[in-house]
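Have a look at the structure below, then the notes.
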Amino acid sequence: MATFLYTLGRFAFRRRPFVALAWIALLVLAGVGAVSASTATSSSFSIPGTEAQKAFDLLDQRFPGASADGATARVVFKAPEGERMTDAGHRSEVEKVVQGLKSGAGAEQIASVVDPYAGKAVSRDGTTAYTQVSYKVSGMELTEGTREALVEAGDEARATGLTVEIGGDALQAVPETGSGEIIGVAVAAIVLVVTFGSLVAAGLPLLTALIGVGIGVSTIAALANVLDLGSTTSTLAMMIGLAVGIDYALFIVSRYRAELAEGREPEDAAGRAVGTAGSAVVFAGLTVVIALVGLAVVNIPMLTKMGFAAAGTVVIAVLVALTLVPALLGFAGRKVFGRKARKRQERAAGTDKPNMGTRWARFVLRRPIAVLITAVVGLGVVAVPAASLEMGLPDDGSQPVSTTQRKAYDLLSDGFGPGFNGPLMVVVDVEGAERPKDAVDRVTGIVKDMDGVAATVPGQLNKAGDTSVVTVVPKDRPSSEATEELVHSIRDAGPGITSDTGAEVLVTGSTAMNIDFSQKMNDALLPYLALVVGLAFLLLMLVFRSVLVPLKAALGFLLSVVAALGAVVAVFQWGWLADVMGVEQTGPVMSMMPIFMVGVVFGLAMDYEVFLVTRMREAYVHGERPGQAVITGFQHGARVVTAAAVIMMAVFAGFIGSSESMVKMIGFGLAIAVFFDAFVVRMAIVPAVLALLGEKAWWLPRWLDKALPNVDVEGEQLRKELGDDTPRDERELVRA
């Protein structure tokens, strides 16, 4: 592989105008496609194989035209203290709002508006009422005029003295790139300048990463409606693509500078940089792709699409690093060294003073047990909150308390009970029942008598007379354990009802979907972990020609991801440092967060493992003792890996400023996970374990050594072909 990549790097260097123009053409083409495509909408959400999804599919068949894909809004009214919504004046104002929504701007997108007085949507004490607005299209497809009409209707009623708030997904907007992401890129630029001491060298990784992300995100935008990709898909692709794009280019540029410093000609230096560091980039990228594509194991289409889209952006980042970076290095030549960088090299050459990475590696080699115990115990302490992990999906109750959605949620809870915001839909399929109406009444009566039920509203049979929906309002809030137990109780009663009446009972609704989603996440976590870690283990064994090094990498990853989950729980669930992170409302951690972090963080963690340990492996193969190989790896790689980790943390941390709770949580989780993995696991645990293992770290059974193909990541074959006089350690040739 190293030989092929060496040739590719030299070709890109020589044909730099052609290569650069080709990538610019791709960027323009993707940009034109994105601009020409219609705006991305919310991705349709489904959970195949669950009862809640089965019930939704049945409703689509039996109640045509009543699709659950349309947006909804609840305009909630509360009378001033001492007054009631049934008072003539307040009733008149509410009716004006209802009529205004039906006939005003955006009415063509409205399917129905329910009169609260005709639909019994007034609380028992008469202080609160609401009107339900159903739309024909999703929240992302609503026009600005329709949203403004909804907000203005509330403002007009509010002017009369009523408290008016609006809930539902009709006010949901496409998340925009904010200042946080820009700050992340700015921090990355500063780190690159400090690392390289050259504006040219610092600008190359940023420029190439932005080109790669631009192509990836624009392609996602162009295909969004065709492939049903949600707006969050491009945010994730941007987050990961930008981080790995900068890092991969950083390693190529760093190796190019090192080759120039050894006296190579620029073209040869570019080829060697791509042949050596490029091999690490390829395998690091493969681990990220495996982790992202592996999300398909969960069998949730939305998550699968997010994973594939992000993986595509990573592939583009790898290709950019292998071709566009050496091409731009051809334009830069020796300008990748700034004046200060050259002076620093001259001083270092004169003093032979070891750098920080060398000093740290020597410290760890002297005290490996102390460093190992300190690092493991420290991560273990941070991981403790993970034992209290509670999972759920965000709703209006998790919105910041300052938003109208959250205020509407609280008004409905106060007026109608905590469970009103998450009613259950009990779908009764009476196709096989002898007396359909009696079967529906029987189901209603059984559910009404269950613990945890505040109210039941029996529904009418559909036109075919084979399906009905019973609305069940729980006593407790949607995310409570009591509500989850109620869902299970209704489902447990289903078989008995079927045997008695012939009717089939299915529970669905947003609350039931959330419960099923969380359960599906839990069930898929271990199989997903086994698949991703197993494939990456084989890949790393191929790279490092070792059994223990990949095993250590996997165990270290588990430590960092559990510690990161503990930090997420402490901040977003317990509320520690919530003000600092801008978390206005604590609550359960998103159901997809654990499995998502396992996938993404594993891929990113293996980046540093590959970049750092590959250099150690290279030194060991070329004759150095195991301990010295660790020092050499840190001498050449610690500074660059540190810069790469800080950059990746800055990019991810930039998304903490997002108004979307899911994006904010993902940004924080990935940033803290990179910190733990890069600075605790890879910088402390890895050298400590390698110091304790010695030559055993690179042990591989003879039969397995012969069976595995030699991918030549360390560039040994390349050195032979180029005539480098670097003898290989004889121990490597007779290794068992």
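Since the model is a prediction, treat every value here as computed from it, not as a measurement.
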With sequence neighbours left out, what residues match [X] under side-chain contact (heavy atoms from CB on, under 4.5 Å)?
X	value
V293	V289, F308, A311
E148	E144, E152
S402	P400, E584
A387	none

Please tabulate, for side-chain N and O atoms in residues 294-303, each donor-acceptor pair with protein atoms closer than 3.5 Å (sequence neighbours left out).
none

Non-hydrogen side-chain atoms of [X] and [Y] separated by less than 4.5 Å:
X	Y	value
V453	L486	yes
V589	E390	no
L565	M597	yes
V76	V164	no

Quiz item: Is it true that K437 and D441 make a salt bridge, defined as a side-chain N closer than 4.0 Å to a carboxylate O?
Solution: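 Counted as a salt bridge, because a side-chain N and a carboxylate O are separated by less than 4.0 Å.
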What residues form a salt bridge (charged side-chain N to carboxylate O under 4.0 Å, His left out) with [X], not counting sequence neighbours?
X	answer
D414	none
K102	none
E504	K54
E51	R491

Practice problem: Please answer whether the main-chain N or O of G422 pairs with a side-chain N or O of T511 as donor and acceptor at a distance below 3.5 Å. | Solution: yes
Exercise. Output every pair passing side-chain hydrogen bond (donor to acceptor under 3.5 Å, both in side chains) with a member in residues 562-575, not counting sequence neighbours, ordered by first then second residue.
Key: none
Practice problem: Can you establish whether the number of heavy atoms outside E108 located under 6.0 Å from its atom CD is more than 12? | Solution: yes
Quiz item: If you measure from CG on L412 to NZ on K78, what distance do you get to the nearest 0.5 Å?
Solution: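 These two atoms lie 11.0 Å from each other.
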Could you tabulate the donor-acceptor pairs under 3.5 Å formed by side-chain atoms of residues 463-476, not counting sequence neighbours?
unit_1 : atom_1 : unit_2 : atom_2 : d
D466   : OD1    : N462   : ND2    : 2.8
T467   : OG1    : R62    : NH1    : 2.7
S468   : OG     : G459   : O      : 2.9

Quiz item: So, T131 versus D115: side-chain donor-acceptor pair below 3.5 Å or not?
Solution: no
Self-check item: Distance-only donor-acceptor check, side chains D57 and Q53, under 3.5 Å
Solution: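 Short answer, yes.
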Exercise. Please report the shortest heavy-atom distance between F416 and V122, naming the atom on each side.
Key: CE2-C, 3.6 Å
Enumerate donor-acceptor pairs with a distance under 3.5 Å from any side-chain N or O in residues 442-452 to protein atoms, sequence neighbours excluded.
unit_1 : atom_1 : unit_2 : atom_2 : d
R442   : NH2    : D500   : OD2    : 3.4
T444   : OG1    : V440   : O      : 2.9

Practice problem: Let me know which of Y409, F77, F420 forms a ring pair (Phe, Tyr, Trp, His ring centres under 6.0 Å) with Y130. | Solution: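 The residue from Y409, F77, F420 that satisfies ring pair (Phe, Tyr, Trp, His ring centres under 6.0 Å) with Y130 turns out to be F420.
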